[in-house]
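Structure record follows, encoded as structure tokens.
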Number of protein chains: 2
Amino acid sequence: MNEQIQTLCKEHNIKLTTARSLILEVLKRASHPLSYEQIKDKMNASMDKATFYRNIALFEEAGIVHKFESDDRKWYFELSGTTHAHFICEHCHQITCMEVDLGKVEGEVKSIVLKGLCKECHQ
Amino acid sequence: MNEQIQTLCKEHNIKLTTARSLILEVLKRASHPLSYEQIKDKMNASMDKATFYRNIALFEEAGIVHKFESDDRKWYFELSGTTHAHFICEHCHQITCMEVDLGKVEGEVKSIVLKGLCKECHQ
DNA sequence: AAATTTATGCAACTTAGTCGCAAAGGATCT
DNA sequence: AGATCCTTTGCGACTAAGTTGCATAAATTT
Ligand SMILES: [Zn+2]
Ligand SMILES: [Zn+2]
Ligand SMILES: [Zn+2]
Ligand SMILES: [Zn+2]
């Protein structure tokens, strides 16, 4: 049981159950956003998708987790941090986290998704 | 039958059928991206969704039409033009076209989607 | 006109995510 | 400990956007 995860949940008034711990452990180890399937495969225990999505919704409301849709009609999840952009390559389907300067935009930007060809695929 | 649409298809080696014309007419009149349902509702004739999606796929390959996913798990379509960004409001679900300066990004960016709260909803 | 190719419509299918409900797990009180 | 209450979990049924197979219709070629 991870110390940081315990305090993260405590800070947001979320009771830390086994399922929640499993999800957060995987997200914490990840270096880029993951889908439900990918997260499930990285868990040591099994978990029903209903449980997964309900807890993810809870994390989202609390602002702990951030999600966005890729071009494969799946949601990808990561722990919230600095607001950064995601580049999704249409060719190799790799998702890359990146910093982007938007200049000034009216309203509040919470998520930035760029799609196209990554530098490897763009020849 | 619209003159511009005829030349658009001719330029891309696409045979202009009734279904294709109906789709392109709606997209041409639109001031912002539309979903399948919205496009269907703006047509004068009925069209099967299989026909719609097959032709949209054709337009996409030809580079005539651009699509992206919103936060309602639907695709939104518009005629390709300058590469501009779309702002999707999480609160009022309005989709706004906007110009954005990304600075320099490696690879080729084909689509930019921002999500958050639009200026009206961000109080 | 016949043969071949292409486009359309219908129905069945796929699949990520949702929902209702009953059982399991935890906390609280007596 | 046992009874009661609330929350969480898992199962199965469901939803809905988009896809696919196939038969018919329309256009094109021979
Ligand atoms: Zn790539
Ligand atoms: Zn990221
Ligand atoms: Zn708004
Ligand atoms: Zn636009």
* Asked: Do the rings of F52(A) and Y36(A) sit parallel, tilted or perpendicular, given the 30° and 60° boundaries?
  -> tilted
* Asked: Would you say a side-chain N or O of T17(B) is under 4.0 Å from OP1 or OP2 of dT8(C)?
  -> yes
Just wondering, do [Y] and [X] contact through their side chains at under 4.5 Å, heavy atoms?
| X | Y | answer |
| --- | --- | --- |
| I23(A) | F77(A) | no |
| E106(B) | F87(A) | no |
| R20(A) | L58(A) | yes |
| M47(B) | K40(B) | no |
| T82(B) | E99(B) | yes |

* Which part of the nucleic acid, if any, lies within contact of A19(A), taking any heavy atom under 4.0 Å across all strands shown: a base, the sugar-phosphate backbone alone, or nothing? -> sugar-phosphate
* Structure fact -> Separation of dT8(C) atom C1' from I14(B) atom CD1, nearest Å, is 17 Å
* L16(B) CG - dT6(C) P separation (whole Å) -> 17 Å
* Mind grabbing the angle between the end helix axes of the helix from dA1(C)-dT30(D) to dT30(C)-dA1(D)? Five pairs an end, 10° rounding. => 10°
* Asked: Of the residues in residues 36-49 of chain B, which ones touch DNA chain D at a heavy-atom distance under 4.0 Å?
  -> K49(B)
* Structure fact -> Under a 4.0 Å heavy-atom cutoff, the residues of residues 51-76 of chain A touching DNA chain D are T51(A), R54(A), N55(A), R73(A)
* Quick one: pull up CD in E37(A) and NZ in K74(A) and give me the separation to the nearest 0.5 Å. => 6.0 Å
* Short side-chain to backbone donor-acceptor contact, S35(B) and W75(B), under 3.5 Å -> no
* Asked: Testing S70(B), C118(B), P33(B) for side chain to side chain contact (heavy atoms under 4.5 Å, CB included) with I88(B), which one passes?
  -> S70(B)
* To do: Check whether more than 12 heavy atoms from other residues, nucleotides or ligands sit under 6.0 Å from atom NE2 of H84(A), and answer yes or no.
  => yes
* Asked: Are there more than 12 heavy atoms of other residues, nucleotides or ligands under 6.0 Å from atom NE2 of H12(B)?
  -> yes
* Structure fact -> Contacts of A50(B) and T18(B) projected onto DNA chain D by closest heavy atom; the upstream (5') one is A50(B)
